[in-house]
Amino acid sequence: MERQLRIIQKNTVEILPEKELIKKLESSLKEKKPLRVKYGIDPTGAEIHLGHTVPIRKLKDFQNLGHKIIFLVGDFTATIGDPTGRNETRPILSQKQIEGNLLGYQEQIGKILDLKKTEFRHNSEWLAKLKLEELLRLASNFTIARILERDDFFLRYKSGKPIFMQEFLYPLMQGYDSVILNSDIEVGATEQKFNLLAGRTLQEALGKEPQVIITMPILEGTDGIRKMSKSFHNYIGINEKPEEIYGKLMSIPDSLMEKYFHLLTELSEIEISEFLKIPLLAKKRLAHSIVKSYYGKERAERAEKHFETIFQKRKVPEEMPVLKLKKSDFKEGKIWIIKLLSLSELVTSHSDARRLILQKTVSLNGEIITNPDLEIEPKEEAILKVGKRRFIKIKVK
RNA sequence: GGGUAGGUACCGAAACGGUUAAACGGAGCAGACUGUAAAUCUGCCGGCGAUGCCUUUGGAGGUUCGAAUCCUCCCCUGCCCA
């Protein structure tokens, strides 16, 4: 019991109310009945990133302690868009987009949780059938003033930004999920606090035992300022290539290292404080450790080597994508450098290619190209480099 | 429904008849530097085989030699009144 509590408390921001958690743990132990721990995700993006893994790792703790994880995919609510953490309305996703995003979720989550012991549910199962009458009954448990208490609503309201009715209903629906799922505990990031509490309100109103809520810290993204999110382009997806994950982790501000260690690795206090004495080493350990947890030791080592080769030694990596050129790509045996760059997808447009050439960042076999009108004679194999981290091997058929 | 203020590039935000692909900030990209893809400094940041051409300031029309800027209608948002 004491041990369970200590594990659960680690890294959390708040447990509300803690007394109820203790009570629930006690009766769970006595009756040998696992607690139902809910976690919901908005399938708006197909990728799980390290920010999501913070609460998911907490679920792992619960799973290890023998409790039941209920992983809720908010497919229905995603069609509405949770306003959390955004100061604007989220685009409404189509059912098709959501279905597309669902694919691959389990696979990614399986890297952390034991899927066999995890119950996956979709909230369209009950929300799609909810009658207006029932919705009204649920809505009568909240007042506008209370919903408006929510930080992001309040800020938006104050600054004159639109809030739509369906957004107002979001916490309600999330709370209703808890009613249906009979959750004992719901885990979420701190920004979810209001929604999590709505679950308590509704469970109580409908004569059920209210869930305990556990909030987890929000992980800042690679910019070190804003929370990790796809829309801020500061995220590290767990499905990204090991080299990418490693590199992105190396780019986080030093000040964030300690937090990342605590929230994303298994390393102990002592180990962490020891590592932090030497910043570069610490960051490499961090990157290595995280890559390893998703891809294994071998890939982590390869990613580390890749980083050292490119950024520390400034050399060309061993492996890189290959572009095969066909005869039809050539004109009189030659190919225009800008066309080549465009075919390689190392640039976003011809103008982009031209700019990069003029900035002297494009090289072919180590030779810097300065003339954007250059026509290249085909060789059998060549290495095209843009900037210091974009490479492609060119092969002529 | 009435009144009023607005809608500018990825985001925020100037310009309010012409020297404007549109100030400035952030994001992004590149370079220098560095233990680092950090910090800092510098350059770039609509498209096009390009000293020129094409498409852009919610949408559709119109006025004008010339429109993000003026007019008409429509769409969207804030606030106030009902």
Side-chain angles (χ1 to χ4, degrees), chain A residues 83 85-92 153-165 167 220-236 240-260 275-288 290-291 303-315 317 329-332 334-343 345-363 368-376 385-391:
Chain A
R86 308 191 119 221
N87 287 325
E88 60 190 272
T89 315
R90 181 175 281 185
I92 292 176
F153 282 147
F154 180 70
L155 289 175
R156 255 159 64 180
Y157 187 66
K158 220 170 61 175
S159 63
K161 292 203 175 115
I163 300 171
F164 294 91
M165 292 292 283
E167 297 183 277
E220 287 84 358
T222 51
D223 57 3
I225 299 162
R226 293 185 293 183
K227 72 161 187 168
M228 186 176 284
S229 159
K230 198 163 188 172
S231 36
F232 296 146
H233 304 288
N234 63 355
Y235 72 100
I236 304 174
E240 292 187 64
K241 278 193 240 137
E243 288 76 19
E244 277 297 305
I245 297 177
Y246 192 98
K248 283 185 178 182
L249 283 165
M250 289 303 288
S251 84
I252 64 167
D254 287 2
S255 57
L256 221 56
M257 281 198 280
E258 194 176 350
K259 190 169 183 184
Y260 269 52
F275 289 154
L276 285 173
K277 287 179 185 163
I278 310 168
L280 178 63
L281 204 69
K283 210 179 261 182
K284 287 173 86 170
R285 289 281 187 146
L286 176 70
H288 186 277
I290 292 172
V291 173
E304 186 157 282
K305 226 182 222 166
H306 179 85
F307 181 84
E308 286 165 0
T309 308
I310 293 177
F311 299 107
Q312 294 190 284
K313 296 180 192 151
R314 293 288 166 90
K315 285 187 182 158
D329 294 325
F330 295 95
K331 222 187 267 172
E332 295 165 14
K334 290 181 174 182
I335 184 163
W336 181 34
I337 181 66
I338 287 183
K339 188 180 177 192
L340 182 63
L341 283 166
S342 162
L343 283 171
E345 292 176 348
L346 259 31
V347 299
T348 55
S349 69
H350 282 203
S351 297
D352 187 36
R354 190 176 289 268
R355 261 178 243 127
L356 288 164
I357 290 170
L358 292 174
Q359 290 188 112
K360 298 184 175 51
T361 69
V362 177
S363 70
I368 291 172
I369 291 165
T370 51
N371 177 14
D373 299 318
L374 190 69
E375 301 278 344
I376 295 172
K385 185 181 172 199
V386 177
K388 49 189 159 190
R389 46 186 290 233
R390 287 181 258 175
F391 304 89

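Lettering of chains follows the sequences in order, A, B, ..., and the numbering in each one begins at 1.
- Whole-Å rounding puts the A:Ile225 CD1 to B:rG25 P distance at 16 Å.
- For A:Trp336, the listed nucleotide lying nearest its side chain is B:rG49; candidates were B:rG78, B:rU36, B:rG49.
- The listed nucleotides are B:rG78, B:rC44, B:rU36; the one nearest the side chain of A:Pro162 is B:rG78.
- Under a 4.0 Å N-O distance rule, the pair A:Glu308/A:Lys284 qualifies as a salt bridge.
- Salt bridge annotation for A:Lys248-A:Glu243: absent, with no cationic side-chain nitrogen under 4.0 angstrom from a carboxylate oxygen.
- Of all nucleotides listed (B:rG49, B:rC29, B:rA37), B:rC29 comes nearest to the side chain of A:Leu356.
- Nucleic acid contact for A:Glu308: none, since no nucleic acid atom lies under 4.0 Å from a heavy atom of the residue.
- Listed nucleotides: B:rG35, B:rC44, B:rA37. Nearest to the side chain of A:Gln359: B:rC44.
- The side chain of A:Arg389 lies closest to B:rA30 when the candidates are B:rA27, B:rA30, B:rA38.
- Distance noted for atom C1' between B:rA9 and B:rA22: 9 Å (whole Å).
- One can place CZ of A:Phe307 at 8 Å from P of B:rU36, the figure rounded to the nearest angstrom.
- For A:Arg156 and B:rU77, a side-chain-to-base donor-acceptor distance below 3.5 Å is absent, hydrogens and geometry of angles not being considered.
- In this entry the distance linking CD1 of A:Ile310 with C1' of B:rG35 reads 17 Å, nearest Å.
- Taking the side chain of A:Glu375 as heavy atoms from C-beta on, and the options B:rG49, B:rG31, B:rA37, the nearest nucleotide is B:rG49.
- For the pair A:Leu256 CG and B:rU36 P, the interatomic distance rounds to 20 Å; values are reported in whole Å.
- Side-chain atoms of A:Met250 lie closest to B:rU36 of the nucleotides B:rG47, B:rU36, B:rG31.
- Comparing B:rC74 with B:rA68, their P atoms sit 23 Å apart, to the nearest whole Å.
- The nearest whole Å value for the distance from the CZ atom in A:Phe330 to the P atom in B:rG49 is 18 Å.
- The base of B:rG35 lies close enough to the side chain of A:Asp254 for a donor and an acceptor atom to sit less than 3.5 Å apart.
- Nearest nucleotide to the side chain of A:Lys283, out of B:rA37, B:rC29, B:rG35: B:rG35.
- In this structure, CG of A:Asp223 is placed 19 Å from P of B:rG25, rounded to the nearest angstrom.
- With distances taken from any side-chain atom of A:Ser251 to the nucleotides B:rA38, B:rU36, B:rG49, the minimum falls on B:rA38.
- Between A:Phe307 and A:Tyr246, the ring-plane angle classifies as tilted under the 30° and 60° cut-offs.
- The OH atom of A:Tyr235 sits 16 Å away from the C1' atom of B:rA37 (whole-angstrom rounding).
- Nearest to the side chain of A:Ser351, among B:rG47, B:rA27, B:rA37, sits B:rG47.
- Distance A:His350 NE2 to B:rG47 C1': 11 Å, rounded to the nearest Å.
- Of all nucleotides present, only B:rC81 satisfies the Watson-Crick or G-U wobble test against B:rG1, with each distance under 3.5 Å.
- Here A:Tyr157 lies in heavy-atom contact (under 4.0 Å) with sugar-phosphate atoms only.
- For the C1' atoms, the distance linking B:rA60 with B:rC76 amounts to 15 Å, nearest Å.
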